[in-house]
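These numbers were taken from a predicted model, which means no experiment stands behind them.
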Amino acid sequence: MTIWTCATCAIEHPDTSEPPPLCEICSDERQYVPSSGQRWTTREELAAAGFRIDVAEVVPGLHSVEATPSLGIGQRGLLLQTGHGNLLWEPPGFIDDAGLAAVRALGGVAVVTASHPHLTGSSIQWSHAFDRAPVYVAAADKQWICRPDPVIQLWQDVQELLPGLTMHQFGGHFAGSSMVHWPAGAQGRGALLAGDTIGVGRDRKSVNAMRSYVNNIPLPARAIQRILDTCAPLAFDRIYGAFATIDTGAKEITESSLRRYIDWVTGSIVDE
């Protein structure tokens, strides 16, 4: 059988003799199917095309795990090392022997998860390569599981992934959209692994949250307020997003950016 990967979002699908008729993730209004139509690829085809996994230190204890060249949505996977095992966050939609060896050298993988369905990549393949490490999926996003497998564990609200490392359900982009709180990150000031639950602005001085980033669909004020309320008790000074990082002042930036968002969508700001 062949493990099919959507060429647009790079999310793995079941190993079957024929590919699915369409990718449910890309068919949803938050993503897109290219005008050229649905296309599928495989791990073997990607390897033959020159794709590889690169692992590089971001800061001590945190490494990027990325497909080169960029694949699918192109998120930055992260390997977070702890004294109780490592978290693989939002793995890319590809896997190779060199990448596996690099991750093994850093202590392997104890847990796999992602902020939301768009960024799950090849979570099941990565899990199987590391003794079938559990893959956590928010129960609210159960319908978006593209490759069902016994390693998947459903959760809701708050989940301890490893001692001292918790995942929190924020909602917004997806009902189960979540972030990981890393209290020891940013030299003890705290950090969030945000994925696309909130997006880091190109100025690195702002964040936003959208139902669809690529199709410009906003969220209602109540969804933004829930994100603010869930952030409130968490101490963090840094955000590691799916594509960029806010190095310092992240909590204040999040609060001011999302309050500004609420003001705009509720009409509290007058554009003069």
Side-chain angles (χ1 to χ4, degrees), residues 3-16 18-42 46 67 70-77 89-94 112-126 135-149 152-157 167-180 193-200 207-224 226-227 230 241-243 258 261 265:
I3 298 171
W4 300 100
T5 297
C6 174
T8 303
C9 68
I11 292 174
E12 63 185 350
H13 285 64
D15 43 340
T16 55
E18 297 293 332
L22 54 81
C23 172
E24 296 287 352
I25 294 290
C26 289
S27 300
D28 177 63
E29 68 177 1
R30 282 162 283 204
Q31 181 55 10
Y32 64 93
V33 176
S35 58
S36 56
Q38 177 70 55
R39 189 172 72 81
W40 299 95
T41 186
T42 65
L46 292 169
S70 181
L71 176 64
I73 292 172
Q75 75 269 21
R76 169 179 61 174
W89 173 251
E90 303 188 330
F94 180 63
V112 182
T113 192
S115 61
H116 69 288
H118 286 162
L119 302 185
T120 54
S122 289
S123 292
I124 304 304
Q125 291 180 70
W126 282 93
V135 175
Y136 284 94
V137 174
D141 292 336
K142 181 180 179 180
Q143 73 181 92
W144 299 105
I145 294 173
C146 293
R147 188 183 175 195
D149 191 274
I152 293 174
Q153 296 188 22
L154 300 179
W155 69 282
Q156 62 183 9
D157 297 330
M167 183 159 54
H168 300 257
Q169 183 178 346
F170 288 76
H173 186 41
F174 274 78
S177 282
S178 35
M179 294 191 276
V180 170
L193 276 57
D196 260 1
T197 297
I198 58 175
V200 174
V207 301
N208 69 340
M210 299 281 285
R211 176 167 174 81
S212 173
Y213 293 94
V214 295
N215 296 325
N216 303 309
I217 305 175
L219 286 168
R222 66 179 183 277
I224 301 299
R226 176 181 170 178
I227 294 172
T230 308
F243 308 100
L258 296 187
Y261 184 114
V265 298

(message) Any non-hydrogen side-chain atom of Ile124 less than 4.5 Å from a side-chain atom of Ile152?
(response) yes
(request) Anything under 30° is parallel, anything over 60° is perpendicular, the rest tilted; go ahead and classify Phe174 against His116. (result) tilted
(message) Is there a side-chain contact between Leu219 and Tyr261 in this structure, where contact means two heavy atoms from C-beta onward sitting under 4.5 Å apart?
(response) yes
(message) I want to check something: taking the side chain as every heavy atom from C-beta on, are Met167 and Tyr136 in contact at a cut-off of under 4.5 Å?
(response) yes
(request) For residues Cys26 and Cys6, determine if any side-chain heavy atom of one lies less than 4.5 Å from a side-chain heavy atom of the other. (result) yes
(message) I want to know whether His13 and Trp40 have ring centres closer than 6.0 Å.
(response) yes
(message) Quick one, Cys23 with Gln38, criterion side chain to side chain contact (heavy atoms under 4.5 Å, CB included). Give me CA distance, side-chain angles, the key distance, then yes/no.
(response) CA-CA 7 Å; Cys23 172; Gln38 177 70 55; 3.5 Å; yes
(message) Restricting to non-hydrogen atoms, name the atom on Gly93 and the atom on Leu46 that form the minimum distance, rounded to 0.1 Å.
(response) O-CD1, 4.2 Å
(message) Given 3.5 Å as the limit, does a donor-acceptor pair link the side chain of Gln169 with the main chain of Asp157, or not?
(response) yes
(message) With a 3.5 Å distance limit and no angle check, can you tell me whether Ser212 reaches the backbone of Arg30 through a side-chain donor-acceptor pair?
(response) yes
(message) Assess the residue pair Gln125 and Glu12 against the criterion (side chain to side chain donor-acceptor pair (under 3.5 Å)); give the C-alpha distance rounded to whole Å, side-chain angles, the decisive distance to 0.1 Å, and a yes or no.
(response) CA-CA 8 Å; Gln125 291 180 70; Glu12 63 185 350; 3.1 Å; yes
(message) If you define the side chain from C-beta out and look only at heavy atoms, does anything of Thr8 sit under 4.5 Å from Gln31?
(response) yes
